[in-house]
Amino acid sequence: MLKSRTALFAASPLFYEEGSKYDWEKAYQINKEALEQLLKHEHALFDITPAATVAQNSYAYYHIYPAGDYSRSVDKETILANWVSYDMWLTNGLPVNKGMTSCGICPSQEMVDCYETIDGEPVLDLAQPYLDEQHLVPNYNKKNRLYDPNNPYANRDPRFEATIYYNGCPRYLVKPDSVTVWTYDGGNCSISDKAQGRFNTRTGYYLRKFNASDADEDHQTDGRAHVARLAEIYLNLAECACESGRLDEAREACNAVRNRAGMPDLPTNLNQDELRLRIRNERRVEFAFENMRFWDVRRWKIADQTDVQLTGMRITKDGSGNFSYQRFAFDPRENKSDSKYLLFPLSEDEVTKMKHNCGEDWQNPGW
């Protein structure tokens, strides 16, 4: 697993140099072997269908599946995990949660925009998602026939329901009609403009992933972190296969992850550039809030496109009960377009040692 991830990073634009040993071909061979070995030893994507009162789908269930399956008798996807459960209801909670202390991580509108509709069509044009720098003018995918800007959360990839609390979704699956999450202005989980506010979202969304439906002060068991899982190896292979020109194999590996989530296969007529964008978007959706995206945008050298501008969704409700949706932009994030932030600075002590011992400056560029 570690060799798979390391080879992928080494072949990526941020690290690869002409003549380097680890190019896309080498990374493909390593990732192919890694997947074959894991499947040989009975690893498999988690595909157990949960009861409707427990989780929305197998993807949601995987991220709240009870810790302690050390023998992999049920969970055969996890390769390496932190078996300590999160307190999502407490620190990444909703104003309607009993005992919550903060709303924690709040998904952006950009994150919501990445979820395809259930027919497998992206909502936006992945090559140019927005027509303005503030991301207030979405560039809709002309092939998409299911997305409705006036009903934006309908007909979306099942992983959307499993990952994000949005306006109008149920809080508890055991009693879905008991508490509804309303993020519109004035709702029980209303959006807030207060920069220091801890309890209400500033983007219009709350994090649902890892959050067990009934978790609160009385039922405190939430999900857990997966340090490495089989879906990553599938998508590592998909990326390496795409970059090395094996487009059919890339689609096949990506489709395995999509199908587990209840999404259709990728189209067979995608060229390499189009397939690259679909695989990158797949990683964004599949690994949402699993600390993958931070590294991905840096190794792809696209952080200046993805990490500068963030937006949210403000929803208002009229007297007839109809909702209106308005995107809004936060102030651009300073310095995120500076290439030096693609790498961390090395410790000053270590840099000084190298200068003293061999006269070389090993500090990363810009630091």
Side-chain angles (χ1 to χ4, degrees), residues 9 12-16 91-93 101-115 122-139 163-166 183 185 189-207 209 225 276-277 280-281 283-285 287-315 325-352 361-367:
F9 274 54
S12 298
L14 180 60
F15 298 106
Y16 178 75
T91 58
N92 289 269
T101 61
S102 70
C103 64
I105 299 169
C106 294
S108 66
Q109 183 59 45
E110 284 81 1
M111 184 71 236
V112 173
D113 287 340
C114 318
Y115 291 91
V123 170
L124 305 184
D125 183 337
L126 297 181
Q128 185 185 3
Y130 307 98
L131 297 175
D132 67 321
E133 291 186 357
Q134 288 189 302
H135 297 184
L136 299 179
V137 184
N139 185 19
T163 305
I164 295 174
Y165 283 113
Y166 58 91
T183 64
D185 279 329
C189 295
S190 177
I191 192 172
S192 172
D193 289 328
K194 296 180 180 179
Q196 304 303 319
R198 297 177 58 190
F199 301 103
N200 293 76
T201 176
R202 292 199 66 212
T203 65
Y205 304 101
Y206 297 87
L207 180 59
K209 194 172 186 177
R276 178 185 297 116
L277 290 174
R280 289 184 176 187
N281 194 66
R283 288 182 69 91
R284 188 175 189 178
V285 168
F287 303 130
F289 306 103
E290 294 183 51
N291 201 31
M292 285 280 195
R293 182 71 175 172
F294 180 90
W295 307 110
D296 280 348
V297 299
R298 283 158 180 77
R299 67 182 179 85
W300 294 329
K301 301 176 71 172
I302 62 170
D304 60 333
Q305 304 167 39
T306 62
D307 286 21
V308 175
Q309 184 65 62
L310 292 176
T311 59
M313 181 69 80
R314 184 175 301 281
I315 304 172
Y325 301 86
Q326 183 66 49
R327 294 168 183 259
F328 67 92
F330 295 98
D331 292 336
R333 302 170 74 186
E334 295 182 1
N335 300 323
K336 293 301 180 181
S337 60
D338 192 326
S339 61
K340 82 174 189 178
Y341 291 105
L342 297 177
L343 294 168
F344 284 112
L346 299 177
S347 164
E348 186 175 353
D349 288 344
E350 295 303 314
V351 172
T352 300
D361 184 357
W362 280 30
Q363 186 56 275
N364 282 325
W367 295 100

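As the structure is a prediction and not an experimental result, all values here were calculated from the model.
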Going from [atom1] on [X] to [atom2] on [Y], what distance comes out if it is rounded to the nearest 0.5 angstrom?
| X | Y | atom1 | atom2 | result |
| --- | --- | --- | --- | --- |
| Y130 | Q309 | OH | CD | 10.0 Å |
| R202 | D193 | CZ | CG | 6.5 Å |
| L346 | Q363 | CG | CD | 5.0 Å |
| D296 | S12 | CG | OG | 8.0 Å |
| L126 | R280 | CG | CZ | 11.5 Å |

Can you give me the closest heavy-atom contact between [X] and [Y], atom names plus distance?
| X | Y | answer |
| --- | --- | --- |
| F15 | F9 | CD1-O, 3.2 Å |
| Y205 | C106 | O-CB, 3.5 Å |
| D304 | V308 | O-CG2, 3.5 Å |
| M111 | R284 | CE-O, 3.5 Å |
| G366 | K340 | O-CD, 3.3 Å |
| N200 | S192 | CB-CB, 3.7 Å |

Does any non-hydrogen side-chain atom of [Y] lie less than 4.5 Å from one of [X]?
| X | Y | answer |
| --- | --- | --- |
| P332 | E133 | no |
| Y115 | I164 | yes |
| Q134 | T311 | no |

Over 12 foreign heavy atoms within 6.0 Å of [atom1], [X]:
| X | atom1 | answer |
| --- | --- | --- |
| E334 | CD | no |
| W367 | CH2 | yes |
| Q326 | CD | no |
| D361 | CG | yes |

**OP:** Applying side-chain hydrogen bond (donor to acceptor under 3.5 Å, both in side chains), run through Y341 and D307 and close with a yes or a no.
**Re:** CA-CA 11 Å; Y341 291 105; D307 286 21; over 6 Å; no
Original post:
Which residue, M292, E290, R298, forms the side-chain contact (heavy atoms from CB on, under 4.5 Å) with F294?
Top reply: R298
Original post:
Do Q109 and H135 have side-chain atoms, one donor and one acceptor, less than 3.5 Å apart?
Top reply: no
Subject >> Backbone of L131 reached by a side-chain donor or acceptor of N139 within 3.5 Å >> reply: no
**OP:** State yes or no: are the ring centers of F328 and F330 separated by less than 6.0 Å?
**Re:** yes
